[in-house]
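Okay, structure first, notes after.
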Number of protein chains: 2
Amino acid sequence: MRITYKGDYALKTILGLALHYGNSPTTINDLARRADIPTKFLEQILLDLKRGGFVESRRGKIGGYLLARAPSQIKLGEVIRFVDGPVEPIACAGKKYSGCNDVYKCVFRKIWQDVSLATSKIIDNITFEELAKNIKDKGPVYTYQI
Amino acid sequence: MRITYKGDYALKTILGLALHYGNSPTTINDLARRADIPTKFLEQILLDLKRGGFVESRRGKIGGYLLARAPSQIKLGEVIRFVDGPVEPIACAGKKYSGCNDVYKCVFRKIWQDVSLATSKIIDNITFEELAKNIKDKGPVYTYQI
DNA sequence: TGTATACTCTACTATTATGATAGAGATTAT
DNA sequence: ATAATCTCTATCATAATAGTAGAGTATACA
């Protein structure tokens with residue numbers, strides 16, 4: 001797994017929305033400013049996240065973005081996989097892979113699968129509700145660093 | 001962590017040499033043919049591995065490559081890190097990182113560090129001696145698929 | 001001492017991914 | 001109407017990846 005800037009921005013943005021969950025929509029500009037993300041880049045990322053079913057949008061005045069689901073229903077791993085692709089360090093570790101002559105004899109494949117599993121156990125076991133709680137526990141929301 | 005072709009080739013090559021440990025040098029051509037690696041690409045990789053202290057070379061007729069250390073003294077993780085870089089999924093998970101305003105408040109950093117640690121525990125806990133043994137246990141050496 | 005074999009070194013190239021930027025268009029509250 | 005806001009497509013610069021090419025150097029052996 002490698003987290004790109006795009007992935008990093010996506011996670012920070014979802015967290016930003018999670019901290020605002022239940023309230024009015026947040027604008028792209030606000031989200032970009034708070035997490036220090038180039039606005040036009042974030043536009044594209046948010047469109048992606050919308051297509052992925054993670055966020056919803058409202059157009060026009062008082063428009064902005066909202067989470068499409070409760071923070072407790074969004075796992076870290078889901079977002080990462082959607083934005084940055086599979087967590088496997090190499091394609092041959094994937095379940096469906098069959099590119100080698102004899103995958104059963106490859107001693108490395110098992111290791112990459114172990115790594116993938118260990119990674120998944122971590123990222124699929126934490127939701128944005130917990131992440132938001134961690135932030136809130138650290139101090140007033142207006143000072144958070146995401 | 002992402003394993004590139006270069007990394008994959010490097011690992012397979014070290015394993016190929018581990019299977020031949022104690023014998024005469026193996027030529028680039030042999031290594032390339034056995035693991036289905038483009039010869040000229042493997043040349044460069046082997047020069048890298050030599051600079052990294054993983055292999056030694058003999059020039060001229062009956063020349064070729066040898067492991068610089070016993071397979072039991074070469075860990076998988078060492079080779080991966082040398083060829084493909086740090087295992088951290090994002091730079092901010094590194095020990096020395098200090099790029100953010102306040103890394104202590106970033107809820108993601110801890111997660112990436114957990115992932116890095118879980119990955120390291122796997123790849124730093126297996127040597128090429130064990131990998132070679134796995135191969136040998138699967139059948140005659142001349143049929144191995146690395 | 002010549003020559004075949006094999007490693008060494010530097011340069012070059014094609015393709016793709018990444019990280020953006022630009023600008024025109026569509027929607028909506030007031 | 002109009003200002004604020006999201007939407008969509010195109011474009012671009014840079015770096016990484018995965019090679020390829022070719023001339024040069026060292027060595028065993030006849």
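In what follows, every chain begins at residue 1, and chains take the letters A, B, ... in the order their sequences are listed. Every heavy atom of this structure was used, including side-chain atoms; hydrogens, water molecules and symmetry mates were not.
- The distance from atom CZ of Arg2(A) to atom C1' of dT16(C) is 13 Å, rounded to the nearest whole Å.
- Here Asn29(B) pairs with nothing under the side chain to side chain donor-acceptor pair (under 3.5 Å) rule; sequence neighbours left out.
- At a threshold of 4.0 Å, the pair Glu88(B)-Arg81(B) does not count as salt-bridged, since none of the basic side-chain nitrogens sits closer than that to a carboxylate oxygen.
- Here dC7(C) is the nucleotide among dG19(C), dC7(C), dC9(C) with the atom lying nearest to any side-chain atom of Ile28(B).
- Sequence order on DNA chain C of the closest nucleotides to Lys6(A) and Lys40(A) puts Lys6(A) first from the 5' end.
- Glu78(A) has a carboxylate O that lies under 4.0 Å from a charged side-chain N of Arg69(A), or vice versa, which qualifies the two as a salt bridge.
- Within 4.0 Å (heavy atoms only), Phe41(A) reaches at least one base atom of the nucleic acid.
- Counting to the nearest Å, the C1' atom of dC9(C) and the CG atom of Leu46(B) are 14 Å from each other.
- Checked against Phe54(B) for a ring pair (Phe, Tyr, Trp, His ring centres under 6.0 Å), the options Phe82(B), Tyr65(B), Phe128(B) give a single hit: Phe82(B).
- Only Thr26(B), Thr27(B), listed by number, bring a heavy atom of residues 20-27 of chain B to less than 4.0 angstrom from any atom of DNA chain C.
- The minimum heavy-atom distance linking Val83(A) with Ala10(A) is given by the pair CG2-CB, 3.8 Å.
- In this structure, the ring-ring contact (aromatic ring centres under 6.0 Å, His included) partners of Tyr5(B), at least two apart in sequence or on a different chain, are Tyr9(B).
- Nucleotides of DNA chain D with any atom under 4.0 Å from a heavy atom of chain B span, from 5' to 3', dT17(D) to dA28(D).
- One atom, CD1 of Ile45(B), and another, P of dC9(C), lie 16 Å apart when rounded to the nearest Å.
- Rounded to whole Å, atom P of dT5(C) lies 11 Å from atom CG of Asn29(B).
- Val55(B) and Leu46(B) get closest at one heavy-atom pair: CG2-O, 3.8 Å.
- A donor-acceptor pair under 3.5 Å is formed between the side chain of Asp84(A) and the backbone N or O of Thr4(A).
- If you take CG of Asp48(A) and P of dT18(C), they are 12 Å apart, rounded to a whole angstrom.
- Judged as a side chain to side chain donor-acceptor pair (under 3.5 Å), the pairs with a partner in residues 37-49 of chain B (not counting sequence neighbours) are, in order, Lys6(B)-Asp48(B), Lys40(B)-Glu43(B), Asp48(B)-Arg51(B).
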I need a per-nucleotide contact map over nucleotides 25-30 of chain C, read 5' to 3'. Cutoff is protein heavy atoms under 4.0 Å; write B for the base, S for backbone only, - otherwise.
BBBBS-
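- Here the P atom of nucleotide dT8(C) and the CG atom of Leu42(B) are 12 Å apart, to the nearest Å.
- For the 3.5 Å distance criterion, the side chains of Glu130(B) and Thr127(B) qualify, holding a donor opposite an acceptor.
- Taking atom CG of Leu47(B) as the reference point, atom P of dA11(C) lies 15 Å away to the nearest angstrom.
- In this structure, a donor-acceptor pair under 3.5 Å is present between the side chains of Lys50(A) and Ser57(A).
- Donor-acceptor pairing under 3.5 Å, judged by distance alone, is absent between the side chain of Gln44(B) and the base of dT8(C).
- As rounded to whole Å, 12 Å separates atom C1' of dT10(C) from atom CD of Glu43(B).
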